[in-house]
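Keep in mind that the numbers below use all heavy atoms, side chains included, and drop hydrogens, waters and symmetry copies.
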Amino acid sequence: MINQYNADQAVTATNEKNLSSKKGRVTATKIRESVQNPKNRTMILSKLKSIDMKPQAVAPFAKYLETVGQDDPVYPLVEIIADNVDYFWTHISEYIEYLTPDSIAAAQHIGKERRHINTRKASLDNSDYDLLLINLIVND
């Protein structure tokens, strides 16, 4: 049973990894790093304010970009950010169609769902199990 459980978890882990693209993960990391850089803080906040985007929406948006594949219409934006995150921030108004409240809400939903995925494997040494034997006799 543990082997079957671990096999199922491996499939889940593979599927979850396939949800995120390598370039998408790079893009999300670059956004997080640029936001955390104190030198960029004032510029980023002013750019977000100029498009009426709340700063709290940046993290879910970055998480969403991890899931964007090459066939997604948002993929060109992922490539731009991966190549030059500063260009994205300075020209953010050109990408406002990707930063609408609906797309941010969808990004938050995807991020929440991905957090609930558990891919930990079981170990026989750390597992408890009970063996139940029963003999039922039914009299009519």
Side-chain angles (χ1 to χ4, degrees):
M1 289 184 76
I2 289 174
N3 289 339
Q4 180 59 46
Y5 175 83
N6 287 343
D8 292 345
Q9 290 299 84
V11 169
T12 302
T14 301
N15 290 341
E16 199 275 332
K17 186 177 180 186
N18 289 340
L19 273 178
S20 64
S21 68
K22 184 176 182 180
K23 191 160 252 187
R25 288 189 302 271
V26 168
T27 300
T29 300
K30 286 192 174 192
I31 287 177
R32 287 185 202 105
E33 289 172 351
S34 69
V35 168
Q36 292 171 353
N37 186 341
K39 294 178 192 175
N40 296 337
R41 186 155 298 158
T42 304
M43 182 269 297
I44 290 172
L45 287 173
S46 70
K47 293 295 182 178
L48 292 175
K49 187 175 182 179
S50 73
I51 62 165
D52 293 326
M53 182 176 173
K54 295 182 180 178
Q56 299 86 345
V58 173
F61 179 70
K63 192 73 173 166
Y64 163 70
L65 292 177
E66 290 181 7
T67 65
V68 174
Q70 289 183 344
D71 56 342
D72 195 299
V74 181
Y75 193 74
L77 177 62
V78 169
E79 289 182 313
I80 289 167
I81 297 170
D83 292 338
N84 187 348
V85 71
D86 293 329
Y87 180 86
F88 168 71
W89 289 122
T90 56
H91 296 86
I92 196 168
S93 60
E94 296 174 22
Y95 308 107
I96 197 160
E97 66 205 53
Y98 304 116
L99 304 167
T100 64
D102 290 339
S103 65
I104 298 299
Q108 287 175 324
H109 177 71
I110 290 169
K112 285 178 186 175
E113 291 300 316
R114 287 186 67 201
R115 269 183 261 150
H116 294 295
I117 297 174
N118 177 2
T119 58
R120 294 181 300 160
K121 292 188 176 180
S123 164
L124 184 58
D125 296 333
N126 296 329
S127 298
D128 293 328
Y129 56 90
D130 294 322
L131 181 60
L132 300 175
L133 299 173
I134 189 165
N135 188 8
L136 288 176
I137 300 174
V138 178
N139 292 326
D140 287 328

Can you list every side chain to side chain donor-acceptor pair (under 3.5 Å) pair that touches residues 31-41, not counting sequence neighbours?
Arg32-Glu66, Ser34-Trp89
Criterion side-chain contact (heavy atoms from CB on, under 4.5 Å) on Met53 and Val58, from CA distance to verdict:
CA-CA 8 Å; Met53 182 176 173; Val58 173; 4.1 Å; yes
For side-chain contact (heavy atoms from CB on, under 4.5 Å), just list the numbers for Glu94 and Tyr87, CA-CA rounded to whole Å, side-chain angles, deciding distance to a tenth of an Å, and then say yes or no.
CA-CA 11 Å; Glu94 296 174 22; Tyr87 180 86; 4.0 Å; yes
Please check if Val35 and Leu45 belong to a single hydrophobic cluster, counting links between Ile, Leu, Val, Met, Phe, Trp and Tyr side chain heavy atoms closer than 4.5 Å.
no
For the atom pair CZ (Phe88) and CD1 (Ile31), what is the distance rounded to the nearest 0.5 Å?
5.5 Å
Can you tell me how far NZ of Lys30 sits from CG of Asp86, rounded to the nearest 0.5 angstrom?
9.5 Å
Closest heavy-atom pair and its distance - Ala28, Ala62:
CB-O, 3.2 Å
Least distance between heavy atoms, Ser93 atom then Ile51 atom
CA-CG2, 3.9 Å
Find out whether Leu48 and Ile92 are in side-chain contact, i.e. whether some heavy atom of one side chain is under 4.5 Å from a heavy atom of the other.
yes
Is it true that a side-chain atom of Thr27 and a backbone atom of Ile81 form a donor plus acceptor pair closer than 3.5 Å?
no
